[in-house]
Enquirer: 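The structure under discussion is supplied below as structure tokens; questions concerning it will follow.
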Amino acid sequence: FYTGQFLLAMGRLDEAEAELRRAIDLQPAAEAFRMYLAMAYIKQGRFDQALLAAKAEPAAASQRAALAMVYFARGDKAPGEAQLAQIIRLDANFSFILIADIYTLRGDADQAFAWLDRGLAARDPGVSAIYEDPFIIPTLRKDPRLAVLLKKLGLPTPDEVDAQRASKPSAFASKAE
């Protein structure tokens with residue numbers, strides 16, 4: 001599962017999909033595996049498959065988040081808003097990064113940052129793993145609030161990461177680009 005999650009964050013979508021499918025085969029009832037598969041499908045623009053994966057997610061909170069992401073990614077605002085309202089009502093105390101993802105896909109950077117800040121204040125480990133997230137950094141990297149948040153977390157900015165990669169080519173560089 002974690003390999004698929006990391007590949008997804010790196011943008012290696014076909015490999016991420018294969019790893020996430022393998023993880024689901026090994027642990028069909030595992031929480032969030034299908035949510036991450038839905039995220040991979042969203043990144044590929046395969047919204048019908050993303051919706052199927054989201055609906056098959058066995059954990060209720062992860063299913064709500066996956067459905068909201070799919071709906072907003074494919075432009076279905078009304079069901080996305082309904083799912084988002086449920087998530088905020090039921091899962092707001094532990095789904096900070098996922099709610100930020102949903103707002104990112106919805107195109108609402110202000111609310112995405114508000115939820116990231118809430119997660120930071122609550123010491124949510126998901127926020128500190130922001131570079132493992134497939135939506136926030138790629139979508140919000142030009143927003144100056146991201147650099148501020150990353151500095152609070154003690155993490156480099158995307159530009160600093162890019163500069164470091166350029167100065168130290170790795171075995172993964174050609175595959176990641």
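Hydrogens, waters and symmetry mates play no part in the numbers below; they use all other heavy atoms, side chains included.
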Enquirer: Could you measure the distance from the CG atom of L149 to the NZ atom of K152? Nearest 0.5 Å is fine.
Expert: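 One finds 7.0 Å between CG of L149 and NZ of K152.
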Enquirer: For the backbone of P125 and the side chain of S128, can you confirm whether one donor and one acceptor N or O come within less than 3.5 Å of each other?
Expert: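 Between the backbone of P125 and the side chain of S128 there is a qualifying donor-acceptor contact (under 3.5 Å).
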Enquirer: Compare every heavy atom of G126 with every heavy atom of I97, then report the nearest pair and how far apart it is.
Expert: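 Closest pair (atom of I97, atom of G126, distance): CD1-O, 3.7 Å.
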Enquirer: Taking a hydrophobic cluster as the set of Ile, Leu, Val, Met, Phe, Trp and Tyr residues connected by side-chain heavy atoms closer than 4.5 Å, whether directly or through intermediates, do L7 and Y36 fall within one such cluster?
Expert: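 Hydrophobic grouping puts L7 apart from Y36.
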Enquirer: Mind checking whether E15 and T3 have side chains closer than 4.5 Å, heavy atoms only?
Expert: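 Side-chain contact under 4.5 Å: no.
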Enquirer: Please evaluate residues R141 and D162 with respect to the criterion salt bridge (Lys or Arg N to Asp or Glu O under 4.0 Å), reporting the C-alpha separation (whole Å), side-chain torsions for both, the decisive distance (0.1 Å), and the verdict.
Expert: CA-CA 12 Å; R141 74 176 285 146; D162 291 345; 2.7 Å; yes
Enquirer: Return the CD1 to OG1 distance between I99 and T104, rounded to the nearest 0.5 Å.
Expert: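 OG1 of T104 is found 11.5 Å from CD1 of I99.
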Enquirer: Does any part of the side chain of P158, heavy atoms only, come nearer than 4.5 Å to the side chain of V161, both counted from C-beta?
Expert: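 Heavy-atom side-chain distance check fails, nothing below 4.5 Å.
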Enquirer: At what distance, to the nearest 0.5 angstrom, does CD1 of I136 lie from CG of D101?
Expert: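 With rounding to 0.5 Å, CD1 (I136) is 4.5 Å from CG (D101).
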Enquirer: Are Q44 and D14 close enough that a side-chain donor and a side-chain acceptor fall under 3.5 Å?
Expert: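 Yes, a side-chain donor-acceptor pair sits under 3.5 Å.
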Enquirer: Going only through I, L, V, M, F, W and Y residues with side-chain contacts under 4.5 Å, is there a path from L51 to Y41?
Expert: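 L51 and Y41: one cluster.
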Enquirer: Would you check if L8 and L13 make a side-chain contact, meaning some heavy-atom pair closer than 4.5 Å?
Expert: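 L8 reaches L13 side chain to side chain.
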Enquirer: Looking only at non-hydrogen atoms, find the nearest pair between M35 and A65 and report the distance.
Expert: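 Result for this residue pair: SD-CB, 4.0 Å.
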Enquirer: Give, for atom CG of L120 and atom CG of L153, the distance between the pair rounded to the nearest 0.5 Å.
Expert: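 Atom-to-atom, L120:CG and L153:CG are 5.5 Å apart.
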Enquirer: Compare every heavy atom of A68 with every heavy atom of G80, then report the nearest pair and how far apart it is.
Expert: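 Shortest heavy-atom contact: O-CB, 4.3 Å.
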Enquirer: Is there a chain of hydrophobic side chains (I, L, V, M, F, W, Y, each step under 4.5 Å between heavy atoms) that links L37 to L26?
Expert: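 Looking at the clustering, L26 is in a separate group from L37.
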Enquirer: Side-chain contact test, heavy atoms from C-beta onward, threshold under 4.5 Å: evaluate it for Y131 versus L150 and give yes or no.
Expert: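 Y131 vs L150: side chains touch.
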Enquirer: Are W115 and Y103 close enough that some pair of their side-chain heavy atoms sits under 4.5 Å apart?
Expert: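 Sidechains of Y103 and W115: in contact.
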Enquirer: Do D108 side-chain atoms and Q111 backbone N/O form a donor-acceptor pair below 3.5 Å?
Expert: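 Present.
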Enquirer: For the backbone of Q164 and the side chain of S167, can you confirm whether one donor and one acceptor N or O come within less than 3.5 Å of each other?
Expert: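 Yes, because the side chain of S167 sits within donor-acceptor range (under 3.5 Å) of the backbone of Q164.
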Enquirer: Dump the intermediate steps for salt bridge (Lys or Arg N to Asp or Glu O under 4.0 Å) on E160 and K151, then the final yes or no.
Expert: CA-CA 11 Å; E160 292 168 341; K151 288 302 176 195; 3.0 Å; yes
Enquirer: Does M69 belong to the same Ile/Leu/Val/Met/Phe/Trp/Tyr cluster as F1, with side-chain heavy atoms less than 4.5 Å apart forming each link?
Expert: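 In one cluster: yes.
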Enquirer: If you measure from CD on Q86 to CD on E81, what distance do you get to the nearest 0.5 Å?
Expert: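 One gets 12.5 Å once the value is rounded to the nearest 0.5 Å.
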Enquirer: Indicate yes or no for a side-chain donor-acceptor contact from Q63 to the backbone of K55 under 3.5 Å, with no hydrogens or angles considered.
Expert: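 Here the side-chain-to-backbone pair exists.
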Enquirer: Side chains of F47 and I42: does their closest heavy-atom pair fall under 4.5 Å?
Expert: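 When only atoms from C-beta onward are counted, I42 and F47 do touch, with a gap below 4.5 Å.
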Enquirer: Below 4.5 Å, heavy atoms only, C-beta onward: do L116 and I130 meet side chain to side chain?
Expert: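 Touching, per the 4.5 Å side-chain cut-off.
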Enquirer: Mark yes or no for whether Q83, through its side chain, and L67, through its backbone, hold a donor-acceptor pair below 3.5 Å.
Expert: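 The answer is no, because no donor-acceptor pair under 3.5 Å joins these two groups.
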Enquirer: Name all residues meeting the side chain to side chain contact (heavy atoms under 4.5 Å, CB included) criterion together with R145; count only those two or more places apart in sequence or in a different chain, and write none if there are none.
Expert: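 Testing R145 for side chain to side chain contact (heavy atoms under 4.5 Å, CB included), a comparison that skips the adjacent residues, returns A109, D110, F113, D143.
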Enquirer: Can you see which heavy atom on A66 is nearest to which on A38, and at what distance?
Expert: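 Scanning both residues completely, I find the closest heavy atoms to be CB-CB, 4.4 Å.
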Enquirer: From Q5 CD over to L20 CG, what is the distance, rounded to the nearest 0.5 angstrom?
Expert: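 One finds 8.5 Å between CD of Q5 and CG of L20.
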Enquirer: Taking the side chain as C-beta and beyond, is there a heavy-atom pair between R74 and D48 under 4.5 Å?
Expert: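 Heavy-atom side-chain distance check passes, below 4.5 Å.
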Enquirer: Where do E17 and K43 land on the salt bridge (Lys or Arg N to Asp or Glu O under 4.0 Å) test, with the steps shown first?
Expert: CA-CA 11 Å; E17 177 187 350; K43 294 287 284 187; over 6 Å; no
Enquirer: Kindly say whether S62 contributes a backbone atom to a donor-acceptor pair with the side chain of E31 at under 3.5 angstrom?
Expert: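 No: the side chain of E31 does not pair with the backbone of S62.
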Enquirer: In sequence, state the C-alpha distance, the side-chain angles, and the governing distance for D124 and R118, and then conclude on salt bridge (Lys or Arg N to Asp or Glu O under 4.0 Å).
Expert: CA-CA 9 Å; D124 175 40; R118 286 181 186 180; over 6 Å; no
Enquirer: Is it true that atom NZ of K77 has more than 12 heavy atoms of other residues, nucleotides or ligands lying nearer than 6.0 Å?
Expert: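 No - once you tally the heavy atoms of other residues, nucleotides and ligands closer than 6.0 Å, there are 12 at most.
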Enquirer: Honestly curious: do M10 and Y2 fall in one hydrophobic cluster under the side-chain, below-4.5 Å linking rule?
Expert: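 In one cluster with M10: Y2, no.
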